[in-house]
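Following this message is one structure expressed as structure tokens.
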Amino acid sequence: MKKILFVTSEAHPLIKTGGLADVSSSLPKALAELGQDVRLILPNYGALNLNNQVNFCSEFTVGTHTIRLLETKLPDSSVLVWLIDCPEYFGMAGNPYVDGFGHSYANNAERFALFCRAAIEVAMNRVEIDWKADIVHCNDWQTGLIPALLSMEYECPQTVFTIHNMAYQGLFSGLTASVLQLQPELLSPDGLEFHSMISFIKGGIAYADKITTVSPTYALDIQTPELGYGLEGLLIYRNEDLTGIINGIDDDWNPEHDALIAQKYSVKSLPDKVVNKTALQTRLNLPVDENVFLMGLISRLVEQKGIDLILDCFAELLSLPIQIVILGSGDKDFEKRLNQFAAAYPHKMSLTLGYDESLAHLIEAGADVFLMPSRFEPCGLNQMYSQSYGTLPIVRKTGGLADTVIDTLPDTIANQTATGFVFNEESAGALLETVKRAVLLHSFPVAWKQLQTNAMTRDFSWKSSAEQYLDLYESIE
Ligand code: ADP
């Protein structure tokens, strides 16, 4: 049994701004179920959504700050969570990283450096709780200083650094090095220095024993100039220690048990799926039609997700015999342009701007296909949810999408592995052609049902991902 300290800046349902929060609760739970002694550690933000009891554990100092270590449980699990309580840095309500105007807090470097140092005190068993980590599993730039700082310690635990999105690097002015009192040995171009700045993510990439990212293809993608953001050279250098492990999906996203949909169903009762389609059409004021090809999209409306590719061919797309349902929010220009199409095609398109968990579930259950034309995608969740709902994903061949969706081709139809539709080129034309391919196949119900069956019987469980992390922990010498 390994003692694993899982260090993260967010964990669902305590605090969430993105997919990192989902991984940070699901993976520790799955590791605990595999018999591991896993503890979570995160800052005690003012905005934490705490339902379980919180107990005081110990008090210690980091630099001039007094830290209280608090302890609670992750809701609906036995996983223990340690909270780093330092009100002057984490006490404010609201988003953990940015203020009400979306600007990063000016002292983010100090805040997360303190978090890293406090986590190290816990990992090294220096806070009177009689627990020393074997593995410190760090996530994203907020925890990147941990492998760097631990490399300066004797008898330190082994470290794993997981990159959930290379686009966020924790870059700070070079002056930060002295503010944070970082040892000079760490400041070379082989270390934290990045073009005269300090890069927190480099601390993880340069110093961790093992580096992971959330899909095998994204592990390759980030070794290219397009998606390496200037760190592709270092990633290529560390290539032997870099692997990709696909995230799992939670059982909340299972049409057999989903309480948020109109009619539960499974691969054995696939005809029941259509009840969700008519419920979705009714709810969104679209013409109720069981046979129309219904396309769903749930996404942050940002360039990463390829929204502009859709907009570039939207008129042609909407001239096909289809309906399209979009749920999302984000870039104001994308929202405006989507709204114009929604106004022009009220019988074919529904646009819901905002965040709506229950509508998201109904779209997954009610649509025939799910559109995800991302420019890059570290892992992606919706294409996996979609497959478990028998809603075939149409995706661009990038990152986790390339790893989890098997294109419908003569050979994959024949060997019953096809689960969706994949296109390679980052263009509206390629997207449109692929939608047309799916529309055509949808007119063959027997073939379509086989694709749905292939998709719904795949294993996207957290258990299989957690087993791969465990193998990785055990492989570190
Ligand atoms: P990313 O983390 O890059 O946004 P993922 O596919 O990994 O993309 O995860 C996105 C998650 O957020 C999914 O669970 C998706 O259903 C959910 N989501 C995104 N936008 C919305 C929305 N407007 N309403 C409800 N859920 C949303």
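All ligand and atom numbering here is 1-based and tracks the order in the structure.
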Taking only heavy atoms of Gly328 into account, list the atoms of ligand 1 that are under 4.0 Å away from them.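 Selected atoms, number and element: 23 (N).
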side-chain hydrogen bond (donor to acceptor under 3.5 Å, both in side chains) with Arg375: which of Glu226, Glu426, Gln304?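 Single side-chain hydrogen bond (donor to acceptor under 3.5 Å, both in side chains) partner of Arg375 among Glu226, Glu426, Gln304: Glu426.
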Lys/Arg-Asp/Glu bridge criterion (N-O < 4.0 Å) met for Lys29, Glu33: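 No, this pair does not count.
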Out of all atoms in ligand 1, which are within 4.0 Å of some heavy atom of Gly380? Include the element for each.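 It comes down to these atoms of ligand 1: 6 (O), 7 (O).
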Please determine if Lys264 and Asp272 form a salt bridge, counting it only when a charged side-chain N lies under 4.0 Å from a carboxylate O.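 So Lys264 does not pair with Asp272 through a salt bridge.
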Relative to atom 23 (N) of ligand 1, which among Gly354, Ser329, Gly18 owns the nearest non-hydrogen atom?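 Nearest option to atom 23 (N) of ligand 1, by heavy atoms: Gly354.
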Tyr389 and His361 aromatic ring geometry - parallel, tilted or perpendicular at 30°/60° bounds: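 Ring orientation, 0 to 90° scale: perpendicular.
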Per atom 8 (O) of ligand 1, closest listed option by heavy atom (Arg300, Glu377, Lys305):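 Going through Arg300, Glu377, Lys305 one by one, Lys305 has the nearest heavy atom to atom 8 (O) of ligand 1.
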Can an N or O of Trp253 be found at a distance shorter than 3.5 Å from an N or O of ligand 1?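 No; every N/O pair is 3.5 Å or more apart.
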Among Phe370, Phe460, Trp253, find the residue that satisfies the ring-ring contact (aromatic ring centres under 6.0 Å, His included) test when tested with Tyr385.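 Of all the options given, the one that passes is Trp253.
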Enumerate the atoms of ligand 1 whose separation from the nearest heavy atom of Gly19 is less than 4.0 angstrom.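 Reading through ligand 1 atom by atom, the close ones are 2 (O).
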Starting from atom 9 (O) of ligand 1, locate the nearest protein heavy atom and write down its residue, its atom name and how far away it is, to 0.1 Å.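 Result for atom 9 (O) of ligand 1: Leu381 CD1, 3.7 Å.
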Which residue holds the protein heavy atom closest to atom 17 (C) of ligand 1, what is that atom called, and what is the gap in Å?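 Minimum-distance protein heavy atom for atom 17 (C) of ligand 1 reads Tyr355 OH, 4.0 Å.
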Hey, is Lys277 close enough to Glu290 for a salt bridge, meaning N to O under 4.0 Å?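 No.
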Using 0.5 Å steps for rounding, measure from the CG atom of Leu297 to the CD1 atom of Ile310.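 Between atom CG of Leu297 and atom CD1 of Ile310 there are 4.5 Å.
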Quick one: which ligand 1 atoms are inside 4.0 Å of a heavy atom on Leu327?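 The list of qualifying atoms is 22 (C), 23 (N), 24 (N), 25 (C).
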Tell me the protein heavy atom at minimum distance from atom 24 (N) of ligand 1, and give that distance in Å.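 Here the nearest protein heavy atom works out to Asp356 N, 3.0 Å.
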Have a look at Phe172 and tell me which of Phe112, Phe194, Trp141 forms a ring-ring contact (aromatic ring centres under 6.0 Å, His included) with it.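 Among Phe112, Phe194, Trp141, the one meeting ring-ring contact (aromatic ring centres under 6.0 Å, His included) with Phe172 is Trp141.
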At a non-hydrogen distance cut-off of under 4.0 Å, which region of Asn382 contacts ligand 1 (side chain, backbone, both, or neither)?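 Near ligand 1, Asn382 shows its backbone as well as its side chain.
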Taking non-hydrogen atoms only, is Ser299 closer than 4.0 angstrom to ligand 1 via side chain, backbone, both or neither?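 For Ser299, only backbone atoms sit under 4.0 Å from ligand 1.
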